[in-house]
Amino acid sequence: MRRFVSSMFSFRFFPRVLLFVVTRWEEERSTDGSKWRFLEHKGPVFAPPYEPLPGKVKFYYDGKPMKLSAPAEEVATFFAKMLDHEYTTKDIFRKNFFKDWRKEMTSEEKSTITDLNKCNFSEMSEYFKAQSEARKQMSKEEKQVDLQENERLLQEYGFCIMDNHKERIGNFRIEPPGLFRGRGDHPKMGMLKRRIRPEDIIINCSKDSKHPKPPPGTKWKEVRHDNKVTWLASWTENIQGSIKYIMLNPSSRIKGEKDWQKYETARRLKKCVDRIRSQYRDDWKSKEMRIRQRAVALYFIDKLALRAGNEKEEGETADTVGCCSLRVEHIKLYPKMDEQEYVVEFDFLGKDSIRYYNKIPVEKRVFKNLQLFLENKQPEDDLFDRLNTSILNKHLQELMDGLTAKVFRTYNASITLQQQLKELSSDDSVPAKILSYNRANRAVAILCNHQRAPPKTFEKSMQNLQTKIDEKQNQLSAARKQLKAAKADHKASHDEKSKKAVEVKRKAVQRIEEQLMKLQVQATDREENKQIALGTSKLNYLDPRISVAWCKKYGVPIEKIYNKTQREKFAWAIDMAEKDYEF
DNA sequence: ACTAAGACTTGGAAAAAATGCA
DNA sequence: TGCATTTTTTCCAAGTCTTAGT
C-alpha cells in the first residue's frame, strides 16, 4: 500500500524517469523525518503600505476636527472600518483598542484624546464605504486591471518548487495590520495586530535554492534551511505571541500525503475499536479513579465525538473547553428524565465558542461514575481532575500505534458517512441521490457539532424557493391538463399527428415533474441545513474515498459532490478509490 | 514529569466570484 | 445587462499534538 501510494503521488507530480528514485526516497523519508530535499520560493507578499486619508476626511474629537499623525490615523481607520460591526460596541474591544491606539499616538495626541466616547470616526467610516461602493461601480476594464495584477502576484509569489515540482502555496500574503477579532468572549479583542515587516520574517528554503530577496532596503530576520518542517516562512504574531506560517495549499503532495495518512490511521482504529471499547467499559469498574476518569472521558470522545480538550492559559483566550477540560458546571445529571434513565445534559462552549448542547442517556456505570467525579466539587472545578490530554493520548498510544483523541472524530465521522450512505442510497434520480449524500454529510456535521449562524437572508431565500415551487406546480397542472386533452383528441381521431401530440405533451409533463422534484429536493436540503455547516466535515473528517466510491457506484458525477478546489485537494482519492472501496 | 514552544489541522465568517434571473 | 442570490475562496483564529528544554 505504502509503495502504491508513493508511486501514485510520484506519478501525478513527477516526471516518469524519476519514479524509481522518488519512490525510494519516499520510503527513506519516513525514517529520518525530513519532509523535502529541495525547496525554492520567492518569499511572502507584504501588506500594502498605509495610504493617508485625503485632507477632507476628518476625525473629530469632542466635536472638534483634529488632524492625526500618520500612525495614529492608520490605527483609527482600523476602528472606523469596523464601526458597523457589533465588536465596536463591546466594552473589552473598545478598551483594548483604545489602549493600543494610544500607544501609536504622539504625546500631544495622547494628552488630547483621553476618551474613546468623544471620538467621532464617522467621516472616515463614510469615506471607506464610498470607496468600496466606487470599487463595485468600476467598469469592466478597470476591474480587469485589478484582476490581472492579482494574477501576476499569484504567478510570481503563489507557487514554489518542492522536490522537482511546482506547488501552490496556501497563504503567500502576509496578514495585514488591523484589530484583532477573537471569537466569543475573547479577552484580547480589539487589540492592535501590528504590521509585519521583512525583519520579522524567517525564511525557510533549501541551501542550494535561489533564496527569496527581501524588499529593497530591508532584511529577513533569518534564512534557514530546515527540511524537517514544511513551512516556507514564519513570523511571530503579537497578540498571543504565537507563530504564524506560510505553508502549501491542500492540493500539494505534502498535504495530500498527510491527509491520506490521517485516514489510514482512522481505518486502523476501525480494526481495533471493538477491543478498545470493551477495554474502556471494563475500566469503568477500575479501582483507580484516574483510570475510571480516563475511561469515561474516552467514552465521551468516542460516543459524542468530543474534542480532546487541552488546558488553556486563563485570561489569554475565550473560556472554551473540550472533553478533558470539562468542568462540573458543564454537565447536569438526571437519574430520570421523561422516559429515559441516566441522562447527562451537556452544555458548554467548545472550539470557536460554538455551544455544545446535548442530552444523552448513558450506561448506569457511566452515570454512577459521573456522580462520583462530582462529589465535593464546586461548579468551576474540573470534572476529570485526574486527567488531561497528555495522559489520555499516552494511554491511546499504547492501545494502537498513532492513536490520539482526534482519530476518534475522524473515524466516527467517516464510518458514519459510510453507514448513512448505505442506508439512504436508492436508485433515485441524481438530485435525490445528492440529497441523500447531503443528509449523510449532515448526520456527520451534527455528530461533530459543526454549526453555523443561519444565513441572514435565510427566510427570504426559503420564500423565494417556495414561490418557485408554487409556480412550477401550476405549470405542472396546466401541462397535465394539456396532456389529458391531447389524449382525448387522439382517442377521437386516432391519427399520427394526434399521437405525436400526446407524446410531446407527455414529455413536457415529465420534464416539469422533474424540475418540480428538483426544486422540492433543494428546498428540503436547504431547510435541513439551516444551522448546519457541512464544509468542515467534508474537508477534514470524511475519507474522500468513501465519497468517490459512492459516486462511482451510483453514477453520480464527482463534480456534483466536490467543487474544483475540493477535487484538487482530494486528487489522490479520486485516482485511488474504486466503486467497492470500504473505509 | 512538567512546561513552553513549535508545527500543523480544523473552524466559521466574510469577501469575492460565479451564477441566475428579470 | 444589471442586479440579487448562491457558491467559492480567502482569511485568520483556535484547536490538537509533538518536540524541546529543564
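Below, chains carry the letters A, B, ... as their sequence lines are ordered, and counting in each starts from 1.
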Inset, instruction - State, without any angle test, whether A/Asp401 and A/Gln397 hold a side-chain donor-acceptor pair at a distance under 3.5 Å. - result: yes
Inset, instruction - Have a look at A/Lys143 and say if it touches a base, only the backbone sugar-phosphate, or nothing, with a 4.0 Å heavy-atom cut-off. - result: nothing
Legend entry - Under-4.0 Å salt bridge between A/Arg253 and A/Asp163: yes
Inset, instruction - Tell me what A/Ile239 touches on the nucleic acid: a base, only sugar-phosphate, or nothing, going by heavy atoms under 4.0 Å. - result: nothing
Inset, instruction - Provide, to the nearest angstrom, the distance between the CG atom belonging to A/Asp352 and the P atom belonging to B/dA14. - result: 12 Å
Inset, instruction - Please tell me which of A/Arg452 and A/Arg135 maps to the more 5' nucleotide of DNA chain B, matching each residue to the nucleotide holding its nearest heavy atom. - result: A/Arg452
Inset, instruction - Please list, by residue number, the residues of residues 307-322 of chain A whose heavy atoms come closer than 4.0 Å to an atom of DNA chain B; answer none if no residue qualifies. - result: A/Arg307
Inset, instruction - Look at all strands and tell whether A/Thr389 reaches a base, only sugar-phosphate, or nothing, counting heavy atoms closer than 4.0 Å. - result: nothing
Inset, instruction - Scan A/Lys193 against the nucleic acid and name what it touches under 4.0 Å (heavy atoms): base, sugar-phosphate only, or nothing. - result: sugar-phosphate
Inset, instruction - Would you kindly give the CG-to-P distance between A/Asp146 and B/dA17, to the nearest whole Å? - result: 9 Å
Inset, instruction - Validate the cation-pi geometry between A/Lys166 and A/Phe159: distance from NZ or CZ to the six-membered ring centre under 6.0 Å, angle to the ring axis within 45°. - result: yes
Inset, instruction - Whole angstrom is fine here: how far is it from CG in A/Asn563 over to P in B/dA18? - result: 12 Å
Inset, instruction - Under 4.0 Å between any heavy atoms, over every strand shown, what does A/Gln451 touch: base, sugar-phosphate, or nothing? Just pick one. - result: sugar-phosphate
Inset, instruction - Give a yes or no on whether the backbone of A/Cys551 and the side-chain of A/Lys433 come within a donor-acceptor separation of less than 3.5 Å. - result: no
Legend entry - Presence of A/Lys136 side-chain N/O under 4.0 Å of B/dA16 phosphate oxygens OP1/OP2: no
Legend entry - Sugar-phosphate, base or nothing in reach of A/Pro250, heavy atoms under 4.0 Å: nothing
Legend entry - Parallel, tilted or perpendicular: rings of A/Phe97 and A/Trp101 (30°, 60°): parallel
Legend entry - A/Phe346 and A/Phe300 aromatic ring geometry - parallel, tilted or perpendicular at 30°/60° bounds: perpendicular
Legend entry - Lys/Arg N to Asp/Glu carboxylate O, A/Lys129 vs A/Glu126, below 4.0 Å: yes
Inset, instruction - Can you check whether any acceptor in the base of B/dT9 is under 3.5 Å from a donor in the side chain of A/Lys406, or vice versa? - result: no
Inset, instruction - Quickly work out the A/Ile354 CD1 to B/dG12 C1' distance and round it to whole Å. - result: 6 Å
Inset, instruction - Return the 5'-most residue of the pair A/Ser234, A/Glu471 with respect to DNA chain B, ranking by each residue's nearest nucleotide. - result: A/Ser234
Inset, instruction - Indicate, with a heavy-atom threshold strictly under 4.0 Å, whether A/Lys564 touches base, sugar-phosphate, or nothing. - result: nothing
Inset, instruction - Calculate the interatomic distance between A/Asn204 atom CG and B/dG6 atom P; express it in whole Å. - result: 14 Å
Legend entry - Option among A/Asp226, A/Ile254, A/Asn227 that satisfies the side chain to side chain contact (heavy atoms under 4.5 Å, CB included) test with A/Lys35: A/Ile254
Inset, instruction - Quick one: label A/Arg526 by what it contacts on the DNA or RNA (base, sugar-phosphate, nothing), any heavy atom closer than 4.0 Å. - result: sugar-phosphate
Inset, instruction - Classify the angle between the aromatic ring planes of A/Tyr280 and A/Tyr299 as parallel (below 30°), tilted (30 to 60°) or perpendicular (above 60°). - result: perpendicular
Legend entry - For chain A, the stretch of DNA chain C it reaches, first to last nucleotide, under 4.0 Å of its heavy atoms: C/dT5 to C/dT18
Inset, instruction - Answer with base, sugar-phosphate or nothing: what part of the nucleic acid does A/Tyr541 contact at a heavy-atom distance below 4.0 Å? - result: sugar-phosphate
Inset, instruction - Measure the distance from CG on A/Asn150 to C1' on B/dA17 and round it to the nearest whole Å. - result: 12 Å
Inset, instruction - Examine B/dG11: is either OP1 or OP2 under 4.0 Å from a nitrogen or oxygen in the side chain of A/Arg409? Give yes or no. - result: yes
Legend entry - B/dA14 OP1/OP2 closer than 4.0 Å to side-chain N/O of A/His85: yes
Inset, instruction - Send over the distance from A/Trp231 CH2 to B/dT9 P, rounded to a whole Å. - result: 15 Å
Inset, instruction - Indicate yes or no: does A/Lys90 engage A/Asp185 in a salt bridge with an N to O separation below 4.0 Å. - result: no
Inset, instruction - Give a yes/no answer on whether the side chain of A/Lys255 brings an N or O atom under 4.0 Å of OP1 or OP2 in B/dT9. - result: yes
Inset, instruction - May I ask you to say what A/Asn393 touches in the nucleic acid, namely base, sugar-phosphate or nothing, with a heavy-atom cut-off under 4.0 Å? - result: sugar-phosphate
Inset, instruction - Salt-bridge test for A/Lys564 and A/Glu568: reply yes if a basic N is under 4.0 Å from a carboxylate O, no otherwise. - result: yes
Inset, instruction - Take atom NZ of A/Lys35 and atom C1' of B/dT9, then tell me their distance rounded to the nearest Å. - result: 13 Å
Inset, instruction - With heavy atoms under 4.0 Å as the rule, sort A/Ser461 into base, sugar-phosphate or nothing. - result: sugar-phosphate
Legend entry - Over-ring placement of A/Lys81 relative to A/Phe128, 6.0 Å and 45° cut-offs: yes
Legend entry - Position toward the 5' end of DNA chain C (nearest nucleotide), A/Arg173 or A/His186: A/Arg173
Legend entry - Sugar-phosphate, base or nothing in reach of A/Leu147, heavy atoms under 4.0 Å: sugar-phosphate
